[in-house]
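Everything below concerns the one structure shown next.
Atoms within each ligand, like the ligands themselves, are counted from 1 in listed order. Just so it is clear, the structure is predicted and the values come from calculations on it, not from any experiment.
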Amino acid sequence: MPVADASRGKRAIERVGCASCHTIPGIGWPKGEAGPPLHGMAERALIAGRLANRPGILARFVRDAPALVPGTTMPAMPLSEEESRDVAAFLYESGK
Ligand code: HEC
């Protein structure tokens, strides 16, 4: 399995537009407010208040949140599995 790469994750975040709904450390613009700000993901115990915060789970969540949290308003996002791991790596590193 290739090692997750935070800089590729940042590019994927910019491509699919996560920041239209989230304020994300390391992403200057936009600073969306439909979803919670994504600061300090590395220190949190839970994702979306209910999932254990581990890299594999965060990667699945950012790709297909409704599959893990039925009824969530966070949509599934057009990321490959590899990109979703890169996105998780970026979120853990960017908000420290
Ligand atoms: C259409 C708006 C929207 C888009 C686009 C979006 N999200 Fe979200 N996101 C949300 C909402 C709303 C929540 C809160 C969901 C919940 O608590 O059930 C959320 C929750 C999250 C959480 C959990 C935050 C926490 O406080 O635990 C993470 C991490 C996250 N989103 C990352 C991303 C990433 C990465 C992308 C891009 C791949 C993205 N989101 C795209 C709306 C969005």
Working to the nearest 0.5 angstrom, can you tell me the gap between Asp86 CG and Ser7 OG?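 Rounded to the nearest 0.5 Å, the CG-OG separation comes out at 8.0 Å.
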
So, taking the atom named CD in Glu93 and the one named NZ in Lys10, what distance separates them when rounded to the nearest 0.5 Å? 12.0 Å

Between Glu83 and Arg11, is there a salt bridge with N-O shorter than 4.0 Å? no

Please output the side-chain donor-acceptor pairs of residues 59-73 that fall under 3.5 Å, not counting sequence neighbours, one pair per line with the distance.
unit_1 : atom_1 : unit_2 : atom_2 : d
Arg63  : NE     : Leu79  : O      : 2.8
Thr72  : OG1    : Met74  : N      : 3.2

Asn53 side chain to Arg44 main-chain N or O, any donor-acceptor pair under 3.5 Å?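 Answer holds: yes.
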
Among Leu58, Thr72, Val87, Leu46, which one puts a heavy atom closest to atom 16 (C) of ligand 1?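 Residue with the shortest heavy-atom distance to the ligand atom: Thr72.
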
Counting heavy atoms only, name the option from Ala12, Ala48, Ser20, Ala76 that's nearest to atom 27 (O) of ligand 1.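 That would be Ala48.
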
Give a yes or no on this: more than 12 heavy atoms of other residues, nucleotides or ligands lie within 6.0 Å of atom CD of Glu14.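 Counting other residues, nucleotides and ligands, CD of Glu14 exceeds 12 neighbours.
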
Give the contacting part of Leu79 toward ligand 1: side chain, backbone, both or neither, where contact means a heavy-atom distance below 4.0 Å.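 It is the side chain that gets close, since no backbone atom is under 4.0 Å.
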
Given that the side chain starts at C-beta and the backbone is N, CA, C, O, which of these parts of Arg63 lies under 4.0 Å from ligand 1, counting heavy atoms, or is it both or neither?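 It is neither; nothing of Arg63 touches ligand 1.
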
Answer with yes or no whether Ile47 contacts ligand 1, where contact means a heavy atom under 4.0 Å from a ligand atom. yes

With a cut-off of 2.8 Å, which protein N/O/S atoms are close to atom 8 (Fe) of ligand 1, if we only count those under it?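 Hits for atom 8 (Fe) of ligand 1 below 2.8 Å: His22 NE2, Met74 SD.
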
Under a 4.0 angstrom heavy-atom cut-off, which atoms of ligand 1 come close to Arg44?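 Near Arg44, the atoms of ligand 1 are 24 (C), 25 (C), 26 (O), 27 (O).
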
For ligand 1, which atoms sit closer than 4.0 Å to a heavy atom of Ala34?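 Ligand 1 atoms under the 4.0 Å threshold to Ala34: 12 (C).
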
For residues 21-29, which side-chain donor-acceptor pairs fall under 3.5 Å, sequence neighbours excluded?
unit_1 : atom_1 : unit_2 : atom_2 : d
His22  : ND1    : Pro36  : O      : 2.6
Thr23  : OG1    : Gly32  : O      : 3.3

Considering residues at least two apart in sequence or located in another chain, which fulfil the side-chain contact (heavy atoms from CB on, under 4.5 Å) criterion with Glu33?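 Glu33: no side-chain contact (heavy atoms from CB on, under 4.5 Å) contacts found.
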
Distance from atom 22 (C) of ligand 1 to nearest protein heavy atom, with residue and atom: Phe61 CE2, 3.3 Å

Who's the nearest protein heavy-atom neighbour of atom 12 (C) of ligand 1, and how far?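 In this structure, atom 12 (C) of ligand 1 has Thr73 OG1, 3.2 Å as its nearest protein heavy atom.
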
Indicate the atoms forming the closest heavy-atom contact of Pro55 with Ala88, along with that distance. O-CB, 4.1 Å

For a quick test of reading the model, state the closest non-hydrogen atom pair linking Leu46 to Gly49 and the distance between them.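 For Leu46 versus Gly49, the nearest heavy atoms are CD1-O, 3.3 Å.
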
